[in-house]
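The structure appears right after this line, and notes come after that.
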Protein chains: 2
Amino acid sequence: MTKAKFNREEVLDRAIELFWQHGYSASSMQQVVKATGLKPGSIYLAFESKDGLFKEALERYSQKGLKKLKEEIESAPTPSKGICRYLESMIKGTLKCDYTSCFLAKTSLELAAENNELHSFASSKLDEIEDLFCHYLEQDYGKKEIKERATSLMLHIFGLGLYGYQCSSPAKMRKGVREGLSWLPWD
Amino acid sequence: MTKAKFNREEVLDRAIELFWQHGYSASSMQQVVKATGLKPGSIYLAFESKDGLFKEALERYSQKGLKKLKEEIESAPTPSKGICRYLESMIKGTLKCDYTSCFLAKTSLELAAENNELHSFASSKLDEIEDLFCHYLEQDYGKKEIKERATSLMLHIFGLGLYGYQCSSPAKMRKGVREGLSWLPWD
DNA sequence: ATTTTTCTTGAACGGTCATTCAAAAAAGGT
DNA sequence: ACCTTTTTTGAATGACCGTTCAAGAAAAAT
């Protein structure tokens, strides 16, 4: 009674959840086995190693994340209003689960000293996000100011991820974010 | 030829370095043994457990950090100018070592899902820093605006810790920070 | 229907993890 | 000088780590 070939994306989503929550080092392959229902052999055949699985989880997370960001911005009246909405949903999101921050950012921080492929991969994906912000800001602001504003946006997003663990008051975070990003069209 | 009673503070400084660099999970007690030169038994007699050692390392780090912050601010012409200097030294510091961020912030993020004593300890110390900012800002700004500005400061400090791994250009970070904290008396 | 290939199984591998402990050495009290 | 307490030593503990693999089941090819 063997199971049919498993659903790769479902498995990756479980892995994302586990790795995001506990980080790379504190997540064991035995926890992966439990969380996915797969046996070790199957995992290793499909993903080669813990690093392989982790990298593919990062990949899927960043793809989904970038897609969501693009959709949110492009469905808004203007790019900058879309960014406001995106930030607002980040603030609201800190209440719901206990592993906010961005999976990419958390990984980048955890593995910074290791300086391996996983770290540089997470880093490069974060750079992509900043580039994307630059691209969208170009539509609403002058060319001279967008670079530092994109950097400022990234600082706030990183900060929010960390601060969200600290502070359980969305209202407080909202005020802090609007203080620093006062050039955005908040309503 | 046995060594005399070891220097507790020196040992803690080595532990801070190790834990800060690699995080809680990725630092093994065997690495602590190597880094400190002590034998397992001595460490366990003095600190009880890995958690005990980690907590005392956090404690020492936060004491030193708060002291440095206070000194920097109080030696400046005004508190807000002291904060500028502090931020500038953070920005410069990201170049020097590969484990910037704040040890407290990194720990808080890593152990957020565990929700144990170590996490809440790191969290409470971070809250202390925000309170300290409030206290100093009161001397330079109106009561109405200081709370969100202190929050904004924390967001930037957290953001800097993460962004420092990403970005190797202090000039870029400086611009981003000044964009978000434009109310500070930058020169 | 039979062979070949692909996937699943779960026990087992050597290594490293945090921690312990009896024995030896040093320090402190008298 | 002697005895008591404290500290150091380093090998050993069982548990868990990431990973492997021979055996068996399912799917695909013939």
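Proteins come first, then strands; the chains are lettered A, B, ... in the order of their sequence lines, and each starts at number 1.
- Base engagement by B:S42 is indicated by at least one non-hydrogen atom pair under 4.0 Å involving a base atom.
- Transitive grouping of hydrophobic side chains (ILVMFWY, heavy atoms separated by less than 4.5 Å) keeps A:L45 and A:I43 in distinct clusters.
- Donor-acceptor pairing under 3.5 Å is recorded for the side chains of A:E110 and A:S25.
- Atom P of nucleotide C:dT19 and atom CG of B:L38 are separated by 16 Å, given to the nearest angstrom.
- The C1' atoms of five pairs define one axis at each end of the helix from C:dT2-D:dA29 to C:dG28-D:dC3, and these two axes lie 0° apart (to 10°).
- Electrostatic pairing of A:K81 and A:D140 does not count as a salt bridge here, judged by no charged N lying under 4.0 Å from a carboxylate O.
- In this structure, A:L45 places its CG atom 12 Å from P of C:dT9, rounding to the nearest Å.
- OP1 or OP2 of C:dC17 has at least one side-chain nitrogen or oxygen of B:S28 nearer than 4.0 Å.
- For A:M29, the listed nucleotide lying nearest its side chain is D:dT19; candidates were D:dG10, D:dT19, C:dT8.
- Counting non-hydrogen atoms under 4.0 angstrom, A:S25 reaches nothing in the nucleic acid.
- Of the candidate nucleotides D:dT20, C:dT9, D:dC16, D:dT20 has the atom lying nearest to any side-chain atom of A:P40.
- Proximity of A:Y44 to the phosphate of D:dT19: a side-chain N or O atom is located under 4.0 Å from OP1 or OP2.
- Test B:F54, B:F121, B:F19 against B:F103 for ring pair (Phe, Tyr, Trp, His ring centres under 6.0 Å) and you get one pass: B:F54.
- Between B:R8 atom CZ and D:dT7 atom C1' the separation is 13 Å, expressed in whole Å.
- Judged by the 6.0 Å distance and 45° axis criteria, B:K50 is positioned over the aromatic ring of B:Y24.
- Among the protein residues, A:K50 comes within range of the sugar-phosphate backbone only, with heavy atoms under 4.0 Å from sugar or phosphate atoms but none that close to a base.
- Counting to the nearest Å, the C1' atom of C:dC21 and the CD1 atom of B:I43 are 16 Å from each other.
- In this structure, the CD atom of A:Q30 is 13 Å from the C1' atom of C:dT16, given to the nearest Å.
- In this structure, B:H22 places its NE2 atom 12 Å from P of C:dC17, rounding to the nearest Å.
- Here C:dT19 presents its C1' atom at 14 Å from CG of B:L53, a figure rounded to the nearest Å.
- Within the 4.0 Å cut-off from OP1 or OP2 of C:dC7, at least one side-chain nitrogen or oxygen of A:K5 is found.
- B:Y163 and A:F158 have tilted rings, their planes meeting at an angle from 30° to 60° on a 0 to 90° scale.
- Taking atom NZ of residue B:K39 and atom C1' of nucleotide C:dC21, one finds them 16 Å apart after rounding to whole Å.
- Expressed to the nearest 0.5 Å, how far OG of A:S80 lies from CZ of A:F133 amounts to 12.0 Å.
- The residue among A:G41 and A:Q31 whose nearest nucleotide of DNA chain D lies closer to the 5′ end is A:Q31.
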